[in-house]
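Worth knowing before you read on, the calculation uses all heavy atoms, side chains too, and leaves out hydrogens, waters and symmetry mates.
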Amino acid sequence: MARMLDFVLGHQDIISKLVTSFEQGKPGQTYLFVGPAGIGKKLTALGLAQALLCPQSPRGCGKCPSCFRISQGAHEGLKIVEPSGAQIKMEQAKEVIEFLSLKSLSGNRVIIIDQAQSLNPQAANSLLKTLEEPPAGTFFFLIAPSVAGLMQTIRSRSRIVQFKPLTMEDLAKKVKAPAWALKSAQGSFEKLAQLQEGPEQELRQKSIEILNLFLKDKDFLLNETWRSEFKDRAQGQRLLSYWGSFMKDAVYLQEDVKNQIINLDQASLLKTLAEYKREFLLDLIRKSLQVEQALAANRDPQLVMEEFFINHRP
């Protein structure tokens, strides 16, 4: 067994500052960790919980029974709250308050609220007073992709800690993946795993096929291939997201900024795209993003794509 913080990739400046505050006896009590999914925010929170609950060291010794129970997620001084379905509900907030009302057997207590943006209004409001003035020895770690989805009253009661995406090198230390996937993952293990799944790779290949049809087939509107793929709005958004990525790479190729290219395995496609005028590619990138937004707003996918082709065909 070892300290959980030793398994965190990146974020060492954040960890160092927080652990130092623990050692100096000057920690905050309510933290809000924000940043992309899959970059280690929850693991960092668990590692800090291990340190706060360790009776041997303010850094966490990684060897005592307390540290072991934290690593197993079964410590009497730790409560982890996650969404039940799409939300964190009032019943779960009541469980937190009840947890804190019981006599502590471990000294400090730590509550980790994962996906804190999922707190429904009732649950969030019921926790406000506790977040503002936690009982002595109580520490909250709220985890969310950004501050945007959280009530202002929650944000104002928290010390906000911004986590940055991991580097390609960090990702490569744990996962063997092609360079294009490491770049496309944008520093997230979660996104990297998704990109390497069979269905997602098939979708990426399908996006290339449909993009070629869009650019070269004058009878694109009559082709059933793209229509069947765009019946699902979420899938349509992902297809268009790949289009945007390919076309950005083509612009980078035109400008000889090759270190910015993501889709390194698609040299032939990028060379073909780079033959189009830069203004045309930039216009397609903008329009692809607009179509993604239209699909997110529940517009009819096939109608939106028809308008896209009619107005922006080569």
Side-chain angles (χ1 to χ4, degrees), residues 4 7-8 28-50 52-53 69-106 108-135 137-163 188-194 197 199-200 232-235 237-238 296-298:
M4 295 180 74
F7 293 96
V8 177
Q29 286 186 263
T30 301
Y31 296 91
L32 172 56
F33 289 177
V34 296
I39 62 171
K41 301 189 299 298
K42 185 176 181 180
L43 180 58
T44 301
L46 284 167
L48 293 171
Q50 195 179 52
L52 287 164
L53 295 169
R69 293 198 300 278
I70 287 287
S71 69
Q72 300 299 304
H75 195 288
E76 65 279 2
L78 171 67
K79 185 166 185 62
I80 300 174
V81 181
E82 298 174 325
S84 174
Q87 295 183 327
I88 296 174
K89 301 174 182 177
M90 183 65 181
E91 292 77 11
Q92 294 171 278
K94 287 180 179 178
E95 289 175 4
V96 171
I97 295 170
E98 183 179 354
F99 170 72
L100 294 177
S101 71
L102 301 174
K103 184 177 180 180
S104 173
L105 300 175
S106 58
N108 290 335
R109 286 179 290 195
V110 176
I111 298 94
I112 296 174
I113 302 180
D114 196 11
Q115 302 301 314
Q117 77 281 3
S118 300
L119 281 161
N120 70 24
Q122 295 80 9
N125 285 324
S126 70
L127 290 174
L128 287 180
K129 182 172 176 56
T130 306
L131 291 171
E132 185 172 17
E133 298 178 2
T138 298
F139 301 88
F140 281 89
F141 294 98
L142 283 65
I143 301 170
S146 72
V147 298
L150 289 156
M151 294 170 56
Q152 174 59 33
T153 46
I154 295 282
R155 301 201 298 265
S156 65
R157 287 161 170 77
S158 308
R159 291 191 182 187
I160 298 173
V161 182
Q162 180 71 54
F163 282 65
S188 167
F189 280 111
E190 183 176 298
K191 188 167 183 180
L192 180 59
Q194 181 189 40
E197 293 173 351
E200 189 66 23
D232 183 296
R233 286 190 181 88
Q235 178 168 295
Q237 288 175 262
R238 296 208 303 280
N298 290 324

Check the pair Thr153 / Leu131 against side-chain contact (heavy atoms from CB on, under 4.5 Å), numbers first and verdict last. CA-CA 10 Å; Thr153 46; Leu131 291 171; over 6 Å; no
Take Gln117 and Gln115 through the test side chain to side chain donor-acceptor pair (under 3.5 Å) and record every step on the way to the result. CA-CA 5 Å; Gln117 77 281 3; Gln115 302 301 314; 2.6 Å; yes
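Taking CG of Leu78 as the reference point, atom CZ of Arg109 lies at 12.5 Å (rounded to 0.5 Å). Note: Met151 CE to Ser156 OG = 9.0 Å, rounded to the nearest 0.5 Å. To the nearest 0.5 Å, atoms CG (Leu32) and CD (Gln162) are separated by 9.0 Å. Atom CD of Glu132 sits about 13.0 Å away from atom CG of Leu127, to the nearest 0.5 Å. Atoms CD and CD, on Glu91 and Glu98 in that order, are 12.5 Å from each other to the nearest 0.5 Å. One finds the CD atom of Gln194 at 4.5 Å from the CD atom of Glu200 (value rounded to the nearest 0.5 Å).
Looking at Gln29, its side chain does come within 3.5 Å of a backbone N or O of Pro135 through a donor-acceptor pair. Within the 3.5 Å criterion, the main-chain N or O of Gln87 finds no donor-acceptor partner in the side chain of Asn120. In this structure a side-chain-to-backbone donor-acceptor pair under 3.5 Å is present from Lys41 to Gly35. Formation of a donor-acceptor pair under 3.5 Å by the Arg155 side chain with backbone atoms of Leu150 is found in this model.
Summarising the geometry of Ala296 relative to Gln237, their closest heavy-atom pair is CB-NE2, 3.6 Å, with the distance given to 0.1 Å. Of all the heavy atoms in Ser126 and Ile97, the pair that sits closest is O-CD1, 3.6 Å. For the pair Ile88 and Ala123, the tightest heavy-atom approach, listed with the atom from each and the gap, is O-CB, 3.5 Å. Taking every heavy atom of both residues into account, Pro134 and Thr30 meet most closely at CG-OG1, 3.7 Å. For the pair Ile39 and Ser188, the tightest heavy-atom approach, listed with the atom from each and the gap, is CG2-CA, 4.0 Å. Between Ser146 and Val34 the shortest heavy-atom distance is C-CG1, 3.8 Å.
Considering only heavy atoms from C-beta on, Val110 stays 4.5 Å or farther from Leu48 through its side chain. Between Lys79 and Leu100 the shortest side-chain heavy-atom distance does not fall below 4.5 Å. In this structure, the side chains of Arg69 and Glu76 come closer than 4.5 Å at one or more pairs of heavy atoms.
With respect to Glu82, the side-chain contact (heavy atoms from CB on, under 4.5 Å) criterion is satisfied by exactly one of Asp114, Ile143, Ile113: Asp114. Only one option out of Val161, Ile154, Val81 pairs with Leu142 in a side-chain contact (heavy atoms from CB on, under 4.5 Å); it is Ile154. Tested against Ile112 for a side-chain contact (heavy atoms from CB on, under 4.5 Å), the candidates Phe140, Phe141, Tyr31 yield a single pass: Phe141.
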